[in-house]
Structure formats: structure tokens, C-alpha cells
Amino acid sequence: MSKIAIIGAGDVGTTIAYTVQLRGFATEIVLVDSNRERAQGQVMDLNHGLFFVRPVHIYAGDYADCRDADVIVLTAGARQKPGENRLQLVNRNAQICEAIVEKIDPGAYAGIFLVVTNPVDIMTRVVIECSGLPRHRVMGSGTVLDSARFRYCLSRNCQVDARNIHAYVIGEHGDSEVLLWSQVHIGGTPLDVFCRQCAVACNAVVNKEKIAEAVRRSAYHIIEAKGATTYGISLAVRRILEAIVRDEHSVLTVSTWLDGHYGCSDICLSVPCIVNRSGVGQVIETRLDRSEEALLVNSAEIVKNTCRAMDRDRRRSVA
Ligand SMILES: NC(=O)c1ccc[n+]([C@@H]2O[C@H](COP(=O)([O-])OP(=O)(O)OC[C@H]3O[C@@H](n4cnc5c(N)ncnc54)[C@H](O)[C@@H]3O)[C@@H](O)[C@H]2O)c1
């Protein structure tokens with residue numbers, strides 16, 4: 001018995017529901033949206049596919065229906081317009097996230113919060129602070145998607161199944177994210193060793209900048225072309241949900257509260273974490289090279305500065 005509540009029945013929320021429905025690990029999915037009619041329409045559409053998948057109860061509900069969920073996925077809020085970056089959504093979406101958490105009554109909630117709304121690292125912090133929940137029970141989808149994009153680009157470049165590539169993106173889910181080149185392994189072999197043995201001799205090491213650019217800029221290209229990113233993020237969220245619900249202890253780069261890890265504090269950022277039924281378990285502190293360390297410090301600073309500006313704006317609007 002696993003219940004997933006999805007708040008925000010827009011493109012991302014509904015596609016997450018669809019990927020969960022296809023995978024068959026949930027027994028109940030509730031969709032909540034301020035536009036009730038939209039949620040009802042999405043639910044009707046999803047339910048018409050039920051004949052083809054394992055039984056699951058999918059319905060449009062209210063905040064009270066979220067309180068006994070195993071995981072609440074937060075996808076409500078504004079999305080980037082073409083040319084806009086994620087950090088520009090901060091004030092609008094912080095207000096929405098806070099209002100939603102209040103309606104859920106976090107004191108009565110025993111499950112996990114999974115934040116997807118952008119800017120996801122800052123929204124994860126907002127949910128931790130306004131819910132008062134233990135920090136390990138709130139996480140953001142973070143750079144799970146970016147790490148998948150990294151693996152995809154390496155897979156194309158090196159002609160190796162993405163599932164045999166270990167590669168992580170850490171830091172902000174955004175322009176300052178950090179690709180951990182020093183930790184890339186293909187079939188258990190460090191990338192530079194793999195490249196020396198590879199007959200193609202294209203040298204992924206030389207293609208680094210092109211790959212990094214493709215990983216960092218892909219959301220912009222997709223938004224420019226079709227208005228929103230939907231499928232990749234939904235599969236990434238489905239992967240996190242499965243790790244939680246099935247207690248898989250999977251290593252995923254979710255956004256989590258850092259308490260001195262990697263030299264960062266009082267901030268949510270993505271780093272490799274063990275994800276299980278209790279939420280975020282151990283934070284894995286992998287070895288970074290000097291340039292990666294400096295890039296992570298820069299990423300943390302950018303997120304912190306945006307948080308400070310958001311806090312200032314909100315104090316001003318209350319005064
Ligand atoms: N973290 C990631 O990697 C990632 C990837 C893609 C999108 N996103 C983010 O996910 C969010 C949703 O994107 P989308 O494409 O689904 O947008 P969308 O516009 O299709 O859907 C947003 C939904 O939120 C609902 N909503 C707005 N305010 C609400 C409130 N107060 N209570 C309940 N529902 C409310 C809207 O009615 C709408 O249905 C955006 O913030 C976007 O930037 C994150």
C-alpha cells in the first residue's frame with residue numbers, strides 16, 4: 001500500500017502521476033490543484049488507461065487527502081518562461097509553497113515531502129523552514145535529472161549504455177551546477193583510463209566543455225522549443241519516489257539540507273545521498289578536485305545570495 005499525493009496537476013505533476021501509474025508501485029495517487037477542474041480532467045484521462053496497468057486508485061482531491069500520503073510531491077507553481085532562469089521564480093513560488101504547506105498541517109503529517117517546484121533548492125529550504133518537519137523528511141528532486149542528462153550525454157559520446165555510467169552533478173539545480181568529472185566511471189573504470197583504451201579516440205575529456213554545456217543548457221533549449229520540460233523530470237521523480245516507497249537505499253543526488261557537509265551549511269543543495277523510506281539518510285561526501293570544490297563554493301554562494309534576497313523582500317512586504 002503506497003499513497004502518493006501530487007500537488008500541482010500541471011504538465012509535470014500529471015506526467016509524474018502517469019509514470020507512477022505505468023510503473024505500478026502505488027496503490028493510490030491523489031492530484032490536488034488550485035484549478036480543480038484541471039485536476040479532474042487529468043484524473044479522468046489517467047483513469048481511462050487503468051485497464052492497461054496494475055490497479056491504482058487515482059482521484060482529484062483536497063489538502064486533507066494528502067495527510068496520510070507516504071510522499072507528497074510538490075509541483076505547484078510558476079514555471080520558467082523562455083529565457084528566464086530558475087532563480088527568477090523564487091518569490092512567486094516561495095509564497096505558493098508556504099501557503100500549501102500551511103494547508104497540509106505538517107504537524108499531522110508523517111510522510112516525506114518531495115519538492116520539484118523551482119528553484120528547487122530554495123523551495124526545499126522554504127518547505128523545511130515553514131513545515132518544521134525533520135530535515136531528512138524533506139528533499140528536492142535536485143540534480144537527479146541533471147545527473148541523468150550527464151549520463152545520457154556521456155553515453156552518446158562514448159557509445160556506452162547510460163546505465164553502465166556513474167556520473168554525478170551536484171550543487172544548485174541551475175546554471176551554477178557542478179559536473180563531477182573527477183568521479184565519472186564507465187564500467188567501474190575512471191573516465192581518463194577508459195578514454196586511453198577507447199579505439200574511437202574522440203576523447204570525452206576533450207569534449208568536456210561541449211558535454212557540460214549540453215547538460216547545463218538543456219532545459220533552456222527544451223523550454224525554447226516546446227515551452228516546458230516534462231518527461232525527463234517526471235522519470236527522475238518517479239525514480240526518487242520508488243527509492244522512498246520501496247525503501248531502496250539508493251544513491252541519488254537529491255537536494256538536501258547541508259549541515260557542514262562539503263563545507264556548506266544552512267542551505268539545501270544536491271549532493272549524493274542515500275534515499276530510503278525515512279527520507280534522506282547518509283550524505284556521501286565524495287572526494288572533489290580543487291576546481292570542483294571551488295565551483296561548489298560558488299554554487300552555494302549563488303543559492304545563499306538568492307535566499308538572502310528572498311528573505312529581505314519578504315520582510316519588506318510584511319513591514
Ligand atoms: N526541479 C526540476 O527539475 C523541474 C523540472 C521541470 C519543472 N519544474 C518546476 O515544476 C513546476 C511546475 O511546472 P509545470 O510545467 O507543471 O507547470 P504548469 O503551469 O503546467 O503547472 C503548475 C500547476 O500548479 C498549479 N498551481 C499554481 N498555484 C497553486 C497553488 N497555490 N495550489 C495548488 N496548485 C497550484 C497550477 O494551477 C498548475 O496546474 C514549476 O515551478 C517548474 O519550474 C521543476
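Just the heavy atoms: all of them, side chains too, but no hydrogens, waters or symmetry mates, feed the values below. First listed ligand is number 1; within each ligand, the first listed atom is number 1. Positions are given from 1 along the sequence.
Of the possible donor and acceptor atoms, none in the side chain of T253 sits under 3.5 Å from a partner among the backbone N and O of P272. Proximity of a side-chain donor or acceptor of Q21 to a complementary backbone N or O of L46 within less than 3.5 Å is detected. Remark: the backbone N or O of S265 is not paired with any side-chain donor or acceptor of Y262 at under 3.5 angstrom. K81 places no side-chain N or O within donor-acceptor distance of the main-chain N or O of G227, the cut-off being under 3.5 Å.
At a heavy-atom cutoff of 4.0 Å, ligand 1 is contacted by both the backbone and the side chain of S34. Of all the heavy atoms of N93, the ones lying under 4.0 Å from any atom of ligand 1 belong exclusively to the side chain. Using a 4.0 Å cut-off between heavy atoms, V32 makes no contact with ligand 1 at all. Within the 4.0 Å heavy-atom criterion, the part of A78 lying near ligand 1 is the backbone and not the side chain.
The single protein non-hydrogen atom nearest to atom 23 (C) of ligand 1 is D33 OD2, 3.7 Å, given as residue, atom name and distance. Protein heavy atom at the shortest distance from atom 31 (N) of ligand 1 is I96 CG2, 3.6 Å. Atom 32 (N) of ligand 1 has as its closest protein heavy atom Y63 OH, 3.3 Å. The protein atom (non-hydrogen) at minimum distance from atom 27 (C) of ligand 1 is G77 N, 3.7 Å. For atom 12 (C) of ligand 1, the closest non-hydrogen atom of the protein is T75 O, 3.0 Å. Protein heavy atom nearest atom 21 (O) of ligand 1, with residue, atom name and distance: G10 CA, 3.2 Å. For atom 38 (C) of ligand 1, the nearest non-hydrogen atom of the protein is R38 NH1, 3.3 Å. Atom 8 (N) of ligand 1 has N118 ND2, 3.4 Å as its closest protein atom, hydrogens excluded (heavy atom only).
Shown here for L145 and G232, the closest heavy-atom pair between the two residues is CD1-C, 3.6 Å.
In summary, the aromatic rings of W181 and Y168 are positioned with their centroids too far apart to meet the 6.0 Å limit.
Note: an N/O pair closer than 3.5 Å links V12 and ligand 1 by distance alone. Between R79 and ligand 1, a contact under 3.5 Å exists for at least one N or O pair. Residue T229 places no N or O, backbone or side chain, under 3.5 Å from any N or O of ligand 1. Any N or O atom pair closer than 3.5 Å counts here, and N35 shares no such pair with ligand 1. An N or O contact shorter than 3.5 Å is missing between Q80 and ligand 1 by distance. Between V116 and ligand 1, at least one pair of N/O atoms sits closer than 3.5 Å.
Set against the non-hydrogen atoms of S141, the atoms of ligand 1 under 4.0 Å away are 1 (N). The ligand atoms of ligand 1 that sit less than 4.0 angstrom from a heavy atom of H173 are 1 (N), 2 (C), 3 (O).
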### Task
Show your reasoning for whether side-chain hydrogen bond (donor to acceptor under 3.5 Å, both in side chains) applies to Y231 and D11.
CA-CA 9 Å; Y231 300 113; D11 289 335; over 6 Å; no

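The only option from I165, L179, V215 that meets the side-chain contact (heavy atoms from CB on, under 4.5 Å) definition with C153 turns out to be V215.
The residues R92 and E84 are annotated as salt-bridged, a charged nitrogen and a carboxylate oxygen being separated by less than 4.0 angstrom. Taking a cutoff of 4.0 Å between a charged side-chain nitrogen and a carboxylate oxygen, R277 and D70 qualify as a salt bridge. At a threshold of 4.0 Å, the pair K304-D311 does not count as salt-bridged, since none of the basic side-chain nitrogens sits closer than that to a carboxylate oxygen.
Taking the six-membered ring where tryptophan is involved, the planes of H57 and Y59 are essentially parallel, since the angle between them stays under 30° and well short of 60°.
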